[in-house]
Amino acid sequence: MMKSKLNLDSAKIAHARATAAGIAKDMQEFIDSHTTVSTERTILRLLGVDGVDDVETPLPNVVVDQIKEAGGLPRGVAYWMGNAMIQTGLKPQEIAEKMAAGELDITKLPTATSKEAEEAIMPLVHESLKRIKAQTAKRNEYIEKLGEGPKPYLYVIVATGNIYEDVTQAQNAARQGADVIAVIRTTAQSLLDYVPYGPTTEGFGGTYATQENFRIMRKALDEVGEEVGRYIRLCNYSSGMCMPEIAAMGALERLDVMLNDAIYGILFRDINMQRTIVDQFFSRVIIGYCDIIFNSGEDNYLTTDDAYEAAHTVLASQFINEQFAVLANVKEHQMGLGHAFEMDPEMENGFLYELAQACMAREIFPNACLKYMPPTKFMTGNIFRGHIQDALFNLVSIWSHQGIQLLGMLTEAIHTPHMHDRYLSIENAKYIFNNCKNIGDDLIFKEDGIMQKRAQFVLDEADKLLSQVKADGLFHTIEQGKFGGVKRARDGGKGLEGVCVKDEQYFNPFIPLMLGGAE
Amino acid sequence: MSNCCTTTASTTVDLTKVKPYGDTMNDGKMELAFSLPVPYGEEAEEAAKQLLKQMGMTEPSVTYSKDMGGGFTFFVCYAACQQTVDFTSIHVTKVEGEVMDRVECGEYIEKNIKRPVVVVGASTGSDAHTVGIDAIMNMKGFHGHFGLERFKNMEAYNYGSQVPNEELIAHAIEKNADAILVSQTVTQKDIHIMNLTNMVELLEAEGIRDKVLLICGGPRISHELAQELGYDAGFGPHKYAEHVGSFIITEIVKRGWQKKEPLK
C-alpha cells in the first residue's frame with residue numbers, strides 16, 4: 001500500500017471496515033428472509049413482462065398485485081409464473097396479459113412442485129441473463145473501439161422534462177466534453193410504487209425513468225459517442241420505491257451509472273426501512289452483475305446537516321454502502337461512493353478541510369470510482385462567485401483523484417442548467433484538470449498539520465459511529481436520527497405493506513445466478 | 001445642496017431617469033450572456049448584435065462567442081442600455097413589521113401571546129427538496145440563523161418533502177397550528193403555482209383558511225406573488241427563521257389570536 005499522505009492509521013481503517021461488514025451482515029439475515037412487491041416485479045421484468053393494461057397499470061404490477069391479494073406473495077412470482085407456464089403452456093408476457101384481461105387467476109391453477117416450476121422457468125432466466133450480458137459486452141466493445149474520457153469523468157445533468165429535448169441537450173453536452181449524462185428524474189417518481197410506461201414529454205423537474213426513455217437516450221448517446229470518438233455513459237436513478245425494477249431496466253437498456261444507495265430512500269424520501277433494505281439488495285445484485293457503476297448518496301447528508309460537523313457520518317455511510325455492495329458482489333471499480341464539497345464558503349480554511357476529506361476518501365477507498373458532488377447548499381444566485389466555488393471544487397477533485405465529477409453549475413439555485421451553463425462548467429473543469437493534472441502526485445501534506453489532523457479526526461469519529469451502529473443495529477441507528485439528522489421509524493414511511501416473509505418454497509432464480517456471474 | 005453644486009450634471013444621478021452604471025454615470029453598460037439556435041460564425045455574431053439593438057441597446061459588442069455544437073452558439077456581449085426607470089415612483093410589496101431575533105421572538109411570545117405558538121411546515125406536492133423548509137424550521141437553521149425549532153415558546157413541526165397538501169392540513173388541524181409553512185423549490189412549468197393554489201383551495205374547502213396563517217417560501221417566491229395567490233406572506237432568498245417567526249407572532253397579536261379556538 002502507498003504511504004498515507006494523511007498519516008491515517010491503517011489498523012483503524014481496517015477496524016472501521018470490519019465493523020461495517022458486520023453491520024451489513026446483520027442486515028443480510030433480514031434481507032434473505034424477506035421479499036417485496038418491487039423485488040417480485042423485477043423478476044417479471046427480467047422475464048420479459050412489459051406493457052400496461054387498459055388503465056395504464058404496468059403488467060408487472062397487475063401480476064404481483066393479483067398474487068399478493070390471493071395471499072401468494074410469500075411463495076414468490078417465479079414459482080407462480082413457472083407453475084402457470086407448466087399449466088397453460090403460455091409465456092410470462094401472455095400470462096400477464098391474460099391476468100390483466102381477467103381471463104386467468106394464476107393462484108387458482110393446479111400446482112406443480114417448486115422444483116418443477118423452477119425448471120420450467122430456467123430457460124427464460126438464462127435467456128434474460130444472456131441479453132444482459134450482451135449489453136455488457138456491447139459496452140466493452142464500444143469502450144474498446146471509441147475509448148473513453150480520462151477520470152474524473154465529467155458528469156452533467158439534463159433535466160428539461162421532455163426526453164427529446166433532453167437528447168438535444170445531452171448530445172451537445174457530449175460534444176462539449178461531458179463523459180456521463182444523467183437524465184434527471186421527476187422528483188415525484190421516487191414515491192410511485194410502479195414504473196411508468198412510455199416516453200416522457202411533459203415532466204416536472206425531469207422525466208420519468210421508463211424503459212422507453214432509457215432506450216431513446218441510450219441510442220442518442222451511442223450516436224454522439226461515435227461522432228465525438230468517446231463512449232458516453234448514461235446515468236439514471238435506481239432508487240425510490242422501485243429500486244430493483246429500475247436496475248433491471250438499466251441492465252437491459254445498457255445504463256452505465258445508477259444512483260443507488262442502501263439508506264438514502266429511508267432518510268430522504270421516507271420510504272420504509274425494511275422495504276428499502278430488501279430492495280437495495282436485489283438492485284445491487286443486478287448492478288454488480290452487469291457492471292453498472294452505482295452512486296451512493298452521502299452528499300445529501302451534507303445538505304441537511306452541517307458539512308463540517310457531519311463529515312464522519314459520510315465516511316461511516318460510505319463504509320456501510322461499500323459492505324452492502326460487497327454482499328451483492330459489486331466490484332470495487334463499480335463503487336461510486338458519494339461525498340460532497342458543501343462547506344460554508346465563508347469558513348476559514350474550508351478548502352483545506354474539503355481537500356483533506358476528499359484525499360481521505362481516496363486513501364480509504366483506493367479502487368472505488370468515488371463520486372464527488374459540487375457545492376449546492378451555499379450557491380446563491382451570484383453566478384460569478386458560484387463559478388469560483390466550482391473551480392475550487394474542481395481543484396480538490398483533480399488533486400484527490402476522484403472517479404466521477406458531478407460538475408457544479410454556476411447557475412445552481414436558479415434553474416436547471418441552460419445549454420451554455422453546462423459548457424461553462426465543462427470548460428472550468430477541463431482547464432483545472434489539465435492545468436493541475438499531477439498536483440496530487442507532487443504535493444504532500446505537512447506532518448500533523450491542519451489537513452492530517454482533520455482527516456484523522458474524521459476517521460476516528462466515523463469508526464466510533466460505526467461501532468455504535470454495530471452495537472445498536474442499523475435500523476435502530478436510523479430511528480435515532482444519526483444519519484443526515486433525519487429520524488425514521490422502523491414501521492413508518494411508505495411501502496411497508498409491500499414487504500413479506502418468504503415461505504420455504506420461495507425462490508428467486510436470478511439472485512444465485514447473478515451472484516455467481518452466470519453466462 | 002453644497003455637495004451637489006460641486007459636481008457636474010453628468011455625474012449626478014437623476015433618480016427619475018436611472019440607467020445602468022458601468023464606470024461613468026449614465027453610460028448604460030450591461031453584460032449579457034445567452035445562446036441562439038444558430039450555427040457558429042460571423043452571421044451568428046451579427047444575429048446577436050441585431051437582437052441587442054432590437055432590445056433598445058446601442059453599441060452592441062460580442063466579446064466572445066463559442067460553438068455549442070448541434071447548430072447552437074453561445075455569446076457574451078456588452079451593450080449600452082437606453083431605457084431608464086423612475087426610481088422615485090417604485091413601490092414594492094414587502095412583509096411589513098419589525099424583525100425580531102430568536103431570543104426577542106421567544107420573549108415577545110411570553111409577554112404578548114402567553115402560550116406556545118404552533119407552526120407546521122413541509123415541502124408539499126411532488127417537490128422533493130427539503131433545503132428551504134429545513135433552513136427555516138430545523139434546529140440548525142441556515143448560515144448561522146437558527147431555525148424555528150430552536151425558538152423558545154414555539155412548537156415547530158417539519159414534515160419533510162413530498163407531503164400532500166391534504167396531509168399537511170391534517171397535521172395543522174391535529175396540532176392546532178397557528179401557521180402553515182409551504183416550501184416550494186421546483187418551479188419548472190409553474191408547478192409551484194398550481195400546488196400553492198391547490199393549498200389555498202383545500203383550506204377554503206375545509207373552512208379554516210381564515211383561522212390559520214398561511215405562508216409560502218422558496219428561492220423563486222416573493223411576498224407579492226404569495227399575496228396574489230392568497231397567502232398571508234411569502235419569503236424568498238435571504239430570509240431566515242427570524243423573519244418568518246417575527247411575522248407569525250406579530251400577526252397573532254394583531255389578529256387577537258392569543259386565545260385561539262381549535263381549528264376544527
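What you see is a predicted model; the values in this text were computed from it and never measured. Here is the naming used below: chain letters follow the sequence lines, and residue numbers restart at 1 for every chain.
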| task | Going by the side chain to side chain contact (heavy atoms under 4.5 Å, CB included) test, name the single residue among A:Leu259, A:Asn295, A:Ile246 that passes it with A:Tyr237. | result | A:Leu259
| field | A:Lys377/B:Asp134 salt bridge by N-O under 4.0 Å criterion | value | no
| task | Under 4.5 Å heavy-atom distance to chain B, tell me which part of A:Gln169 shows up: side chain, backbone, both or neither. | result | neither
| Region of B:Ser35 that comes under 4.5 Å of a non-hydrogen atom in chain A | both
| message | Whether the A:Gln176 and A:Arg422 side chains hold a donor-acceptor pair (N or O, under 3.5 Å, no angle test) is what I'd like checked. | response | no
| request: State whether a side-chain donor-acceptor pair under 3.5 Å links A:Tyr431 with A:Glu427. | output: no
| note | When the 4.5 angstrom heavy-atom criterion is applied to A:Thr186 and chain B, the contacting part is neither
| query | Testing B:Tyr64, B:Phe75, B:Phe74 for ring-ring contact (aromatic ring centres under 6.0 Å, His included) with B:Phe34, which one passes? | reply | B:Phe75
| message | Quick check for you: among A:Asp270, A:Thr416, A:Thr160, A:Asp421, which has the greatest number of heavy-atom pairs under 4.5 Å with chain B? | response | A:Thr160
| field | B:Glu46 and B:Gln50 side chains, donor-acceptor separation under 3.5 Å | value | yes
| query | Side chain, backbone, both or neither: which part of A:Asn172 has a non-hydrogen atom closer than 4.5 Å to chain B? | reply | both
| What part of A:Ala159 lies closer than 4.5 angstrom to a heavy atom of chain B: side chain, backbone, both or neither? | backbone
| field | Pick from A:Val224, A:Ile414, A:Asp306, A:Thr376 with the largest number of heavy-atom pairs that fall under 4.5 Å of chain B | value | A:Ile414
| request: Answer with side chain, backbone, both or neither: which region of B:Asp127 has an atom nearer than 4.5 Å to a non-hydrogen atom of chain A? | output: backbone
